[in-house]
Each structure stands twice: as C-alpha cells, then as structure tokens.
Amino acid sequence: LYAALAFYFWRRHWSATGAADAEGVSRRGVEHAALLAPLALHTWLLAGSLFGSDGLYLGVGNAISLILWLTVLIYGSGSLFYRLDGLHALVTPAAAVAVMLPVVFPATRALANTETLAFKAHLLIAMLAYSLFTIASLHVMLMAIIERRLHAGALPPSLRSMPPLLTMETLLFRIIAAGFVLLTLTIASGVL
C-alpha cells in the first residue's frame with residue numbers, strides 16, 4: 001500500500017505529467033486519508049512483531065520500522081498544518097521498505113527490563129527523536145530537489161504552490177531543534 005501511494009504521489013507531484021488542479025484542497029484531504037490504511041496496517045504488523053508474550057522484541061528491523069512508522073505518523077499529522085505535499089513521495093517509499101525490515105532482520109530474543117517506566121520513556125523519546133531527524137533528512141532532500149528544479153526552470157505545476165524555500169528552511173530548523181531537545185532527553189533518560 002505504501003509503494004502504491006508512493007507511485008501515485010510521485011506521478012502527481014514530481015513527474016512532468018502531474019499538474020495542479022482546481023480541486024487541490026479536497027484532493028489533499030483524500031491524499032491524507034489514503035495514508036491511513038497503510039499506516040493502520042503498519043501499526044498492526046509492527047505491534048505483532050514488537051510485542052511478544054515474554055517482552056519487547058526490538059531488533060534492527062523493528063527499530064527502523066518503528067522509526068519510519070512514527071515518521072509517517074508525525075509527517076501525516078504535521079502536513080495538516082503545513083503544505084508539504086512533495087514529501088509524500090519521499091516518505092512513503094521509505095516506509096514501504098521499512099515495513100518489510102522486521103522480516104529481513106528479525107529480533108531473536110526479547111529485551112530485558114523492558115517493563116520499567118524509565119525504559120519505556122527512554123525508548124519513546126529516542127524513537128520520536130530519530131523520527132524527527134528522519135523527517136528533517138527528507139525535508140532537506142525536498143528542498144534540494146526544489147532548488148535544483150527552480151534553477152533549471154522545470155518545477156512541476158503541483159510543486160509551485162509549495163512554501164518559499166526560506167519558509168521551508170525555517171520549518172527545517174524547528175524540526176531539528178525539536179529533535180535535538182528530544183535527543184538530549186534521550187541521553188538523560190538513558191542515564192536513568
């Protein structure tokens with residue numbers, strides 16, 4: 001589902017054939033709603049892979065999948081407030097790959113001491129921080145692509161309504177600042 005949405009978003013927002021239409025606001029609402037189905041399925045698959053009867057199974061595959069799940073969740077929520085339609089085409093392919101990683105890199109055993117509140121807080125804060133930095137990385141890619149296309153004079157019509165690059169840069173610094181605060185809290189909670 002993520003891959004199908006990635007293809008749709010790429011054709012809609014990045015290809016030369018994608019064009020802005022008069023029903024932009026209603027189409028954006030449908031696009032945001034379309035993210036709910038793969039996000040819900042990803043939630044179900046991730047919960048089944050993470051939570052076992054004997055504890056939390058947090059291997060490399062589950063961790064990356066969890067980070068991308070949070071990235072889609074945060075980005076999907078944030079895109080209701082900021083017009084960043086071009087990021088759909090960058091977030092969904094990454095999520096499509098990440099949803100399969102627990103199968104490729106399975107967790108072999110449950111982690112010890114995962115029942116403590118301190119560990120749960122540490123894990124949540126760390127995953128949120130990594131998700132914000134993932135969004136920041138994708139945001140930088142979007143800004144670089146838009147800048148290159150602006151200089152080449154080949155900006156697709158659907159991306160012409162994006163905020164100015166200075167506004168996108170301000171948003172980027174806010175994302176990085178929030179990620180830095182959360183990463184600092186991750187270190188503090190890790191010490192505890």
Heavy atoms, side chains only, cut-off 4.5 Å: are [X] and [Y] in contact?
X: L142; Y: M168; answer: yes
X: V60; Y: L101; answer: no
X: F51; Y: L56; answer: yes
X: L128; Y: I74; answer: yes
X: Y2; Y: L39; answer: yes
X: L166; Y: T170; answer: no
X: L183; Y: F180; answer: no

Please answer: with hydrophobic residues joined when any side-chain heavy atoms are less than 4.5 Å apart, are [X] and [Y] in the same cluster?
X: L46; Y: L123; answer: yes
X: M141; Y: L165; answer: yes
X: V72; Y: V97; answer: no
X: V181; Y: L132; answer: yes
X: V99; Y: L41; answer: yes

Would you compute the distance between atom [atom1] of [X] and atom [atom2] of [Y] and round it to the nearest 0.5 angstrom?
X: I145; Y: L90; atom1: CD1; atom2: CG; answer: 5.5 Å
X: T71; Y: Y75; atom1: OG1; atom2: OH; answer: 12.0 Å
X: L185; Y: L124; atom1: CG; atom2: CG; answer: 11.0 Å
X: S131; Y: L66; atom1: OG; atom2: CG; answer: 6.5 Å
X: L50; Y: Y57; atom1: CG; atom2: OH; answer: 11.5 Å
X: T92; Y: F9; atom1: OG1; atom2: CZ; answer: 6.0 Å

If I compare all heavy atoms of [X] with all of [Y], which pair ends up nearest, and what's the gap?
X: A94; Y: L68; value: CB-CD1, 3.7 Å
X: T114; Y: K120; value: O-CE, 3.5 Å
X: I175; Y: A136; value: CG2-CB, 3.8 Å
X: A129; Y: G179; value: CB-O, 4.0 Å
X: S49; Y: N62; value: OG-OD1, 2.6 Å
X: S65; Y: H42; value: OG-NE2, 2.8 Å

Give a yes or no on this: more than 12 heavy atoms of other residues, nucleotides or ligands lie within 6.0 Å of atom [atom1] of [X].
X: Y130; atom1: OH; value: no
X: L192; atom1: CG; value: yes
X: F119; atom1: CZ; value: yes

